[in-house]
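A short worksheet on the structure shown next.
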Number of protein chains: 4
Amino acid sequence: MSDEAPPPPERARRLPRAVRERQILDAAVQVFARHGYHAASMDEISEVAGVSKPMIYTYLGAKEDLFGKCVQREANRLLEAVQAGVQPELPPDMQLWHGLRSFYRFVGEYRESWTVLHRQALTVGGTFAAEITDMRMRAIELVAALVVAAGTRKGLGEQAEFSGTGLSAALVGAAESLADWALDHPEISDGVLASWLMNLVWLGFNDLVEGQVWKPSDA
Amino acid sequence: MSDEAPPPPERARRLPRAVRERQILDAAVQVFARHGYHAASMDEISEVAGVSKPMIYTYLGAKEDLFGKCVQREANRLLEAVQAGVQPELPPDMQLWHGLRSFYRFVGEYRESWTVLHRQALTVGGTFAAEITDMRMRAIELVAALVVAAGTRKGLGEQAEFSGTGLSAALVGAAESLADWALDHPEISDGVLASWLMNLVWLGFNDLVEGQVWKPSDA
Amino acid sequence: MSDEAPPPPERARRLPRAVRERQILDAAVQVFARHGYHAASMDEISEVAGVSKPMIYTYLGAKEDLFGKCVQREANRLLEAVQAGVQPELPPDMQLWHGLRSFYRFVGEYRESWTVLHRQALTVGGTFAAEITDMRMRAIELVAALVVAAGTRKGLGEQAEFSGTGLSAALVGAAESLADWALDHPEISDGVLASWLMNLVWLGFNDLVEGQVWKPSDA
Amino acid sequence: MSDEAPPPPERARRLPRAVRERQILDAAVQVFARHGYHAASMDEISEVAGVSKPMIYTYLGAKEDLFGKCVQREANRLLEAVQAGVQPELPPDMQLWHGLRSFYRFVGEYRESWTVLHRQALTVGGTFAAEITDMRMRAIELVAALVVAAGTRKGLGEQAEFSGTGLSAALVGAAESLADWALDHPEISDGVLASWLMNLVWLGFNDLVEGQVWKPSDA
DNA sequence: CATGAATGAGTGTTCATTCAT
DNA sequence: GATGAATGAACACTCATTCAT
C-alpha cells in the first residue's frame with residue numbers, strides 16, 4: 001500500500017496538445033511513407049511518436065482520420081512551397097520553371113511527404129482517392145493554367161489535338177514521375193530537373209532534337 | 001501437349017487444372033485491382049473465382065505468389081499488346097504513335113490489369129516494387145529508345161538539358177498519367193489520347209501554341 | 001482415342017491389395033517416426049508410399065486407423081523378435097539376457113518401428129495410450145515374469161520393498177531408455193547393451209562396485 | 001469428460017502483467033499436458049487461462065515460445081525440488097534415496113508438470129528435443145554421479161560391463177518409468193517408490209531375491 | 001483399380017480499437 | 001492528461017477427407 005504522496009512520475013511529461021499532435025503526425029507520415037497505409041501499424045506509429053496509442057485516438061482519431069490529416073498537412077505544405085516559388089510578374093515559361101524548381105526542391109527535402117502524397121494516398125480506397133485526385137487536379141491547374149490558358153487564347157479549344165485537362169494530367173504525370181526518379185538521383189539539382197521537364201513539355205522532342213534548347217532567361 | 005481446351009462441358013464441376021488457374025488469376029486480378037494488395041482477402045478472391053480457398057493455395061501458392069503471378073501475366077499481356085502494335089518499318093514518330101495507341105487500347109480494354117500493374121503493384125514491399133520498376137523501365141526504353149536515340153545521334157549527351165533516363169521517366173509518367181485520366185473518360189478514343197501525348201512530347205507546348213500540330217501521317 | 005496401345009500405361013501398376021497395404025504401412029511408419037502423429041501429413045505418407053491418397057483411405061482407413069495399424073504391426077514384430085530370442089530351457093538370467101539381446105537387435109535394426117512404438121504412440125490421446133500401455137505391460141510381464149516370479153517364490157509379496165508391477169515398470173523403463181540411448185551409439189553391440197542392463201538390474205550397483213560382474217554363462 | 005468450467009481465475013479485470021503471465025503459463029501447462037503440443041489449441045489455453053488470445057501473444061509470444069517457457073519453468077521447478085531434497089553430507093546411497101523421494105514427491109504433486117516435461121516435450125521437433133534431452137542428461141548426471149563415480153573409483157572404466165553414460169540413461173529411464181507408473185497409483189508414497197528403485201539399482205534383483213533388502217539408514 | 005480435383009473446418013496470428021486507472 | 005491492460009474480429013494458411021472420373 002503506497003500511502004505516501006507519490007511524486008509525479010517523470011515518465012510522462014504533459015505537453016500542450018498542439019505539440020503532441022505534431023509529434024504524432026510527424027511519426028505517422030514517417031511510418032505511412034515507409035510501409036504504406038495498410039501495412040503501417042498504429043503500434044509502430046505510437047512507438048515512433050513516443051506516445052501511447054490511446055493518445056493518438058484522442059487527438060487525431062482512428063487510423064483513417066489520422067492518415068487523412070497526414071495527407072492534408074503534407075499537401076498544404078507542398079502547395080505552399082510551390083506557390084511561394086512562383087513569381088506572377090514573370091512570363092509563363094519562367095513561372096512554370098520556378099514552380100517546378102520549388103516542387104523538386106520540396107520533394108528532395110521532404111521525401112516522406114512526397115511518398116505519402118504520391119504513392120500511398122491512392123492505395124486507400126474510399127474517399128481518399130477522390131480527395132487526393134482533387135488536390136492533384138487543383139495543383140495541376142494552378143501550374144498548367146499558364147500554358148493551357150495560352151493555348152486557349154490561341155483558339156485551340158477542345159479539338160482532337162488539344163485538351164486542357166487531358167494534357168494537364170499528362171503534364172503532371174510527367175512531373176511526378178520525374179520526381180520519383182529524382183529520389184534515386186539526389187545528385188541532380190532541382191534546377192536541372194526543372195529544365196529537363198521544360199524542354200520536354202515546352203519545346204518537345206522535335207525541337208530538342210533539332211538543336212533548340214530551352215533555358216531560363218533570368219539565371 | 002494437347003493445349004486445345006476441349007469444349008467445356010456445360011456444367012462441369014470437375015475442371016482441368018489449367019482452367020481453374022485461369023479462373024483464379026482472373027478473379028485475383030479483379031479483386032486486387034479493386035482493393036489493393038493488402039486490403040484484398042483470399043476469401044473474396046476464392047469467392048469471386050467460384051473456388052474454395054485451398055485450391056488457390058494448391059494451384060497458385062500463397063497470397064504473395066498469387067499476386068506475383070497476376071502481375072506477371074498482366075505485364076506480359078501489356079507488353080505483347082504494345083509490341084504487336086508497333087510496326088518497325090515506319091518512321092519513329094509513327095512507331096511511337098502506334099505504340100501509344102496500342103497502350104491506350106489495352107488500358108481501356110483491361111482496366112483492371114492496368115490498375116494492378118500501375119497502382120497496386122507498388123504497394124507491396126520487397127521484391128515486387130523492384131520487379132515492377134524494372135518492367136516499367138524496360139517498357140519505357142522500348143518506346144523511348146526511338147526518340148532518345150534520335151537525340152543522342154544529334155549530339156545531345158548527358159548535358160544539363162537532356163538526359164535519357166530522366167526524360168524517359170518523365171515521358172512514361174506522362175503516358176501513365178494520361179492513361180489513368182482516360183479511365184474516367186472512356187469516350188476519348190485511343191487515337192486521340194495518343195495524339196495528345198504526341199503533341200505534348202513531340203512538339204511541345206510551344207509549338208502547339210504557335211499553331212503547329214502533329215498528326216499521324218498514315219491515317 | 002486410344003487405338004493400339006495394349007499395355008496399360010505403366011504409370012499406375014495394378015498391384016494386389018496386400019502389396020499396396022504393405023507399401024503404405026511402410027511409408028506410414030517412416031513418416032510417423034519422422035514427425036510424430038500430429039505433424040505427419042497424409043500427403044507426405046501418400047507421396048512416400050507412391051500411392052494416391054484415396055487409396056490409403058480405401059485400404060487402411062482414416063489417419064487414426066492407419067496409425068493404429070502401424071502400431072499393431074510394429075508391436076507384433078517386436079514381440080515376435082523378442083520371443084524368438086528367448087530359450088525357455090535356460091536359467092532365468094540367461095533367458096532375460098537373450099530376450100534383451102533380441103530386443104536391442106530389433107531396435108537397432110528397425111529404428112523407425114521403435115520410434116513409433118516408444119515415442120510417438122503415447123502422444124496420441126484417446127484409446128492409443130491405453131492400447132500401447134497395455135502392450136507394454138504384456139511385454140514387460142513376458143520378460144519380468146522370470147524375476148518377479150522368482151521373488152514371489154521367495155516370499156516377497158507386495159511388501160514395501162518389493163512390488164511386481166512397480167519394479168516391472170522400472171525395469172522396462174530402464175531397458176527402453178537404454179534403447180533410446182543406443183540409437184545414438186550404434187557402435188555398441190546388442191550383447192553389450194544387454195550385459196549392461198543385466199548388471200544393473202540383476203546385480204545392482206552395489207555388487208557391481210564390489211567387483212562382482214554378471215556375465216553370460218553360455219557364450 | 002470433465003467439461004465443467006473450473007471457476008475461471010476470478011473475474012478480475014485489470015491485473016498486473018506478472019500475474020497474467022503466471023495464469024497463462026499455468027493454463028498452458030495444463031492444456032499441453034492434456035493434449036500434447038500439437039493437439040493443444042491456443043484457443044483452449046486462452047479459455048482455460050480466462051484471458052483473450054492476443055494477451056498470450058503479447059505476453060508470452062507464439063505457441064512455440066509459450067511451450068518453451070512452460071518447459072523451462074517446469075524444468076526449473078523440478079530441478080529445484082530435487083536439489084532441495086539432497087543432503088550432501090550423507091553417504092551416496094542416502095543422497096540418492098532422498099533425491100528420488102523429492103523427485104517422486106514432485107511428480108505426484110505436479111502431475112501436469114511432469115507430463116509436459118516427460119511426454120510432451122519430445123514431440124515437438126527442432127530445438128526442444130535437444131533442450132530437453134540435455135536437461136535430462138544434466139539431471140541424470142547430477143544424481144548418477146554418485147554411483148558412477150563410485151564405480152569409477154573401483155577401477156571400472158569403460159569396459160563391457162560398465163558404462164557411465166549408458167547406465168545413467170538406463171537408471172534415469174527406470175526412475176521415469178516408475179514415475180509414470182506411480183501416476184496411476186497415487187496411494188504409493190514417495191518413500192516407497194524411492195525404496196523400490198533403490199533396491200532395483202542398488203542391490204539388484206539377485207540380492208533382493210536372496211533376501212537382502214536395502215533400507216534407509218536414517219529413518 | 002486408381003487418381004486428380006475439390007473442400008469444410010479449423011489453426012495460429014495480428015491489428016485497430018477501447019476501457020479502467 | 002496519459003497509459004498499461006485487454007479484446008473482437010478478421011486473416012492467411014493447412015489438412016484430413018471425399019467425390020467424380
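This one's a predicted model, so the numbers in the text were calculated from it and none came from an experiment. First the proteins, then the strands, lettered A, B, ... as listed; each starts at 1.
Nearest to the side-chain atoms of A:Lys63 among the listed nucleotides E:dT3, E:dT17, F:dA6 stands E:dT17. The nucleotide whose nearest atom lies closest to any side-chain atom of C:Ser52 is, among E:dT17, E:dT3, E:dA6, E:dT3. Of the candidates E:dT17, F:dT17, E:dA16, the closest approach to any side-chain atom of A:Ser41 belongs to E:dA16. In the set F:dC19, E:dT14, F:dT3, the nucleotide with an atom closest to the side chain of C:Pro54 is F:dC19.
Here B:Met42 lies in heavy-atom contact (under 4.0 Å) with sugar-phosphate atoms only. At the heavy-atom level, A:Ala39 lies nowhere under 4.0 Å from the strands shown.
Contact annotation: C:Arg20 side-chain N/O to E:dA2 OP1/OP2 distance is under 4.0 Å.
Residues A:Glu44 and A:Arg34 are paired through a salt bridge, judged by an N-O separation under 4.0 Å between the basic side chain and the carboxylate.
With a cut-off of 3.5 Å on both Watson-Crick or G-U wobble distances, the partner of E:dA20 is given as F:dT3. With a cut-off of 3.5 Å on both Watson-Crick or G-U wobble distances, the partner of E:dT14 is given as F:dA9.
Sequence order on DNA chain F of the closest nucleotides to A:Arg17 and A:Lys53 puts A:Arg17 first from the 5' end.
No donor-acceptor distance shorter than 3.5 angstrom exists from the side chain of C:Lys53 to the backbone of C:Glu47, with no hydrogens or angles considered. A donor-acceptor distance shorter than 3.5 angstrom exists from the side chain of A:Asp65 to the backbone of A:Ala62, with no hydrogens or angles considered.
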